[in-house]
Amino acid sequence: MAAEILRATMQHIVIVVIAVAIAAAAGIPIAIAAVRHPRWGRRFLRVIDVIQTIPSLALFGFLIPLPLIGGIGVRTAIVALILYSLLPIVRNTVIGITGIDPLVREAATVMGMTDRQRLLAVELPLATPSILAGLRVATVIAIGVATIGAAIGGGGLGTLIFRGVAMVDTTRILAGALPAAGLALLADLLFSGVEKLAAKKWGSA
Amino acid sequence: MPSSVAINAVTVIAAGRPILRDVTLHIAPRESVALIGRSGAGKTTLLRLLNGLATPATGTVSIDGVPFAGDLAVRRRSIGTMLQAPALFPHRTIYDNVATVPRLLGWDEARIRTAARELLEQLELPFDRFAARFPRSLSGGEQQRAGIARAMIAAPPLLLCDEPFSAVDPLVRRELQESFIRLRDRGEVTMVFVTHDLAEALRVGERIVLVDDGAIVCDESRARFLASEHPLVRRFLDAARIPEAS
């Protein structure tokens, strides 16, 4: 049993890390584009807002029949987690950038920074605490939703929970649920530590 | 060589409303021009034409005879701009803030250090005490001076200031004005600044341009401005008069 829990936990972590990493790799550039083109940005945010409201079990169901990204298995679970992670990441990045003192952004422009230089030297560093907060929320949500991914063969700690439910075996349910909760708490703690460091370095005052 | 500026028949429209209407303003090298006027008159927009933050709907803006067009990033590096607040980068030390433009220009670090040290000392921000600090640990006046250093370090031939001293107390304000007057008298820079403080305009500016409702209504040397019979000029002068003690 212990070996099984450990294996499921590792699998869970891998799924979540892959999903959040891809969501961040896509979401941060999307957010930057959304800030540049506010009209499109608002529309896009509305779409991912709607995705967020789809119950996770239903979202998994919707994804299964899709070609390439769908089907039964871990890939589909990761796709669903990416979709859920996008919202907090995109939204927090947008807030982080638009929340910067407009005069500070203007100062970067009038000193002759190109858009790219301003982004890398001023906007992203100053938005970092907010971006990290988004990653934290995304990760904690993904850890929870990933347990449901087991319903479509996504693996991870959810496998133990679903098996426990089917067998009416409380111990087995807890064997999946407790590590999942522990992971979520751990992730939360880890990120708030990094956020504090970032706030210290970049002075989010 | 200080810059010359030419604004020719410029109209600026924002949100369907004209902010500036058919404005023409030529500034010769070494002039120091104060743009004054009521809030919303268009003086800040007039200034923002000169660093490309405002774009003409019609008309042209040229600096040193070269019209503004396309990507202005590189050209802005030789225009010093001070915004309403020092707007220092909060995540960078004072030194890194001051080094911004030289780094964009590709100066080597030793040259930046020498220039930053000299300029910060001149502005009474001793390099060894201030260089490594972050903006939030400085007082308002110190931040203003660091902002001046950041705008001036690469010795831009054109300096634009938008109410640069609005957030500091009158004594610090006076000191900062003095440093601008010294700068003006060295004759190495063309200065254009916006202020709603007439005393400041007359102290630092040699030429006063009064903007009202999107148009230039008076454009005179300091002495002739003081003698002007224009009603709005008289109102400004009356408003600035200090009452005698009774």
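Residue numbers begin at 1 in each chain, while the letters A, B, ... track the order of the sequences. Please read these numbers as outputs of a predicted model, since none were measured by experiment.
- In this structure, B/A73 and A/M113 approach most closely via the heavy-atom pair CB-O, 3.9 Å.
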### Check against side-chain hydrogen bond (donor to acceptor under 3.5 Å, both in side chains), B/E31 and B/T190
CA-CA 5 Å; B/E31 276 196 290; B/T190 304; over 6 Å; no

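- Proximity to chain A is limited to the backbone of B/L88, based on heavy atoms less than 4.5 angstrom apart.
- The side-chain tip of B/R150 points at the ring of B/F89 from less than 6.0 angstrom away and within 45° of straight on.
- Judged by distance alone, with hydrogens and angles left aside, the side-chain atoms of B/Q143 form a donor-acceptor pair with the main-chain N or O of B/P135 at under 3.5 Å.
- Considering every non-hydrogen atom in both A/L86 and A/A23, the closest pair reads CD2-O, 3.7 Å.
- Counting non-hydrogen atoms of other residues, nucleotides and ligands closer than 6.0 Å to CG of A/L57 gives a total of 12 or fewer.
- Here A/T109 is the residue among A/D115, A/D101, A/T109, A/I100 with the most heavy-atom pairs under 4.5 Å with chain B.
- Contacts between residues 43-54 of chain A and chain B, defined by a heavy-atom separation under 4.5 Å, are made by no residue at all.
- Residue pairs satisfying the side chain to side chain donor-acceptor pair (under 3.5 Å) criterion with at least one member in residues 129-138 of chain A, sequence neighbours excluded, are listed as follows: A/R136-A/D188, A/R136-A/E195.
- Annotation: side chain to side chain donor-acceptor pair (under 3.5 Å) contacts of B/T24 (sequence neighbours excluded): none.
- When atom types are taken as modelled, the side chain of A/Q117 and the backbone of A/T114 share a donor-acceptor pair closer than 3.5 angstrom.
- Of residues 100-127 of chain B, those residues lying under 4.5 Å from chain A by any heavy-atom pair are B/T100, B/V101, B/L104.
- By the 6.0 Å contact criterion, CZ on B/R17 is open, its count of non-hydrogen atoms from other residues, nucleotides or ligands being 12 or less.
- Only the side chain of B/R92 comes within less than 4.5 Å of a heavy atom in chain A; its backbone stays farther off.
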### Task
Take B/D96 and B/H91, measure what side-chain hydrogen bond (donor to acceptor under 3.5 Å, both in side chains) needs, and give me the verdict at the end.
CA-CA 9 Å; B/D96 286 332; B/H91 60 302; over 6 Å; no

